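Everything on this sheet refers to the single structure shown next.
For clarity, every value in this text was computed on a predicted model and none was experimentally measured.
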Amino acid sequence: VLLKNTGDNIIQLKGDSKTVLILRDPFNFIASCLQRLVNPPDPGATDVGTQLPQRLLVWKEHARQVMHQSESSSPIEFISFNEWFASESYRRSLCDQHNLIFTDRGVNKVMNFGSGSSFDRENFDGEAQKMKILERYKTWENHSAFKHLVDDELEHYAQEIFGMKL
C-alpha cells in the first residue's frame with residue numbers, strides 16, 4: 001500500500017488500503033503545544049505553538065472526518081490516542097481487528113523525536129504510562145491563550161468523540 005501525505009489529506013496511490021486517523025483530544029493537544037511554546041527544548045522548537053491556529057484547523061478537519069465517516073468515499077479507521085494510551089485492552093482490540101500480534105513492547109518508551117514530551121521531556125522514558133498526558137489541559141485551562149483557542153466547535157468534538165467537557 002502506498003500513501004502520500006499532502007499535508008491535510010492522505011491520498012491513496014495504489015493498492016487496497018484504508019486511512020487510519022489517530023486523534024488526540026483537542027484540550028490536551030492545545031496544552032502540549034502551548035507548553036512547548038513557553039518551554040521549548042531549544043530556541044527553534046516553538047513551531048507547534050506558533051502554528052497552533054493552523055494546526056487546529058487541520059485537527060478540526062480530522063475530527064469532522066471521524067464524525068462523518070459514513071459520508072466519506074473511503075473508509076476511515078479512527079484510533080483514539082487517549083484510549084490507546086490509557087487502555088491495554090483497547091490496544092489489544094486494535095491488534096485483533098487488524099490481525100496483528102499484540103505486544104506492548106515500547107509502550108513505555110518516550111521518543112526523543114522533538115526532545116520528548118513538551119511537559120516532561122524524556123524524564124519518563126521507560127515509564128511513559130506514568131505521565132499525566134490525559135491531564136495536560138488542567139495546567140492551561142484557565143489561561144487566556146487556552147481559552148482563546150477553545151471554541152464551540154472544539155468543545156463539541158471533544159464531547160462527541162472523547163466524552164470530554166471542560
Side-chain angles (χ1 to χ4, degrees), residues 1-15 17-87 90-91 94 97-98 110-121 128 131-166:
V1 177
L2 295 175
L3 301 175
K4 178 180 180 185
N5 185 344
T6 63
D8 293 336
N9 297 303
I10 305 287
I11 299 172
Q12 180 178 338
L13 298 178
K14 67 179 181 178
S17 67
K18 70 169 103 174
T19 300
V20 175
L21 184 57
I22 303 169
L23 198 61
R24 183 181 191 186
D25 76 86
F27 307 140
N28 286 301
F29 172 70
I30 291 169
S32 288
C33 291
L34 289 173
Q35 184 69 23
R36 188 171 174 92
L37 180 62
V38 301
N39 187 20
D42 60 70
T46 59
D47 58 326
V48 296
T50 59
Q51 296 173 7
L52 190 49
Q54 299 90 326
R55 296 182 82 205
L56 284 173
L57 292 175
V58 174
W59 189 98
K60 287 177 182 179
E61 178 56 34
H62 291 162
R64 282 190 284 279
Q65 290 175 328
V66 168
M67 293 289 296
H68 306 289
Q69 290 181 50
S70 60
E71 300 169 15
S72 176
S73 59
S74 62
I76 296 171
E77 173 77 24
F78 167 60
I79 296 176
S80 167
F81 173 80
N82 294 37
E83 189 70 15
W84 178 89
F85 180 81
S87 171
Y90 184 73
R91 294 189 298 274
L94 289 171
Q97 288 172 19
H98 298 285
V110 175
M111 301 304 296
N112 64 2
F113 177 80
S115 299
S117 162
S118 55
F119 281 81
D120 302 312
R121 300 289 185 255
M131 292 190 299
K132 304 285 186 199
I133 68 167
L134 302 179
E135 299 176 22
R136 301 298 197 204
Y137 73 95
K138 292 178 181 179
T139 302
W140 283 93
E141 68 182 326
N142 294 316
H143 193 282
S144 61
F146 183 89
K147 289 180 178 181
H148 176 75
L149 292 163
V150 175
D151 60 19
D152 291 343
E153 185 179 13
L154 277 179
E155 289 192 280
H156 170 74
Y157 292 138
Q159 173 65 39
E160 293 298 314
I161 297 171
F162 298 96
M164 292 181 72
K165 286 181 134 179
L166 284 178

Minimum heavy-atom separation for [X] and [Y], please, with both atom names.
| X | Y | value |
| --- | --- | --- |
| S117 | V110 | N-CG1, 4.2 Å |
| G49 | L37 | CA-CB, 3.9 Å |
| R136 | D120 | NH2-OD2, 2.6 Å |

If I take atom [atom1] from residue [X] and atom [atom2] from residue [Y], how far apart are they, to the nearest 0.5 angstrom?
| X | Y | atom1 | atom2 | value |
| --- | --- | --- | --- | --- |
| F85 | I133 | CZ | CD1 | 4.0 Å |
| F146 | L52 | CZ | CG | 10.0 Å |
| F78 | Q69 | CZ | CD | 8.0 Å |
| T139 | K132 | OG1 | NZ | 11.5 Å |
| L23 | E83 | CG | CD | 13.5 Å |

Below 4.5 Å, heavy atoms only, C-beta onward: do [X] and [Y] meet side chain to side chain?
| X | Y | result |
| --- | --- | --- |
| F29 | L56 | yes |
| N39 | R121 | yes |
| I30 | Y137 | no |

Test side-chain hydrogen bond (donor to acceptor under 3.5 Å, both in side chains) applied to [X] - qualifying residues, sequence neighbours left out:
| X | result |
| --- | --- |
| S87 | S89 |
| D151 | K60 |
| R36 | none |
| W140 | Q35 |

Just jot down the side chain to side chain contact (heavy atoms under 4.5 Å, CB included) partners of [X], sequence neighbours excluded, or say none.
| X | value |
| --- | --- |
| I22 | V20, I79, F81 |
| K147 | N142 |
| H98 | K18, E77, L100 |
| Q54 | Q51 |

Would you find a donor on one side and an acceptor on the other, under 3.5 Å apart, between the side chain of [X] and the backbone of [Y]?
| X | Y | result |
| --- | --- | --- |
| S118 | S32 | yes |
| D25 | N82 | no |
| Y90 | S80 | yes |

>> Tell me whether the count of non-hydrogen atoms from other residues, nucleotides or ligands lying under 6.0 Å of CG in D152 goes above 12.
In response: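 Counting neighbours around CG of D152, 12 or fewer heavy atoms of other residues, nucleotides or ligands fall under 6.0 Å, so no.
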>> Could you walk me through whether Y157 and M67 satisfy the side-chain contact (heavy atoms from CB on, under 4.5 Å) test, starting with their C-alpha distance in whole Å, then the side-chain angles of each, then the deciding distance to 0.1 Å, before giving a yes or no?
In response: CA-CA 8 Å; Y157 292 138; M67 293 289 296; 3.8 Å; yes
> For R24, what residues pass the salt bridge (Lys or Arg N to Asp or Glu O under 4.0 Å) criterion, not counting sequence neighbours?
Replying inline: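 Not a single residue meets the salt bridge (Lys or Arg N to Asp or Glu O under 4.0 Å) criterion with R24.
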> With R64, which residues qualify under salt bridge (Lys or Arg N to Asp or Glu O under 4.0 Å), at least two apart?
Replying inline: E61, E153
>> If the threshold is 4.0 Å, N to carboxylate O, is there a salt bridge linking D47 and R55?
In response: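 Not counted as a salt bridge, because no side-chain N and carboxylate O are separated by less than 4.0 Å.
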Would you give me the side-chain donor-acceptor pairs under 3.5 Å for residues 159-166, sequence neighbours excluded?
none

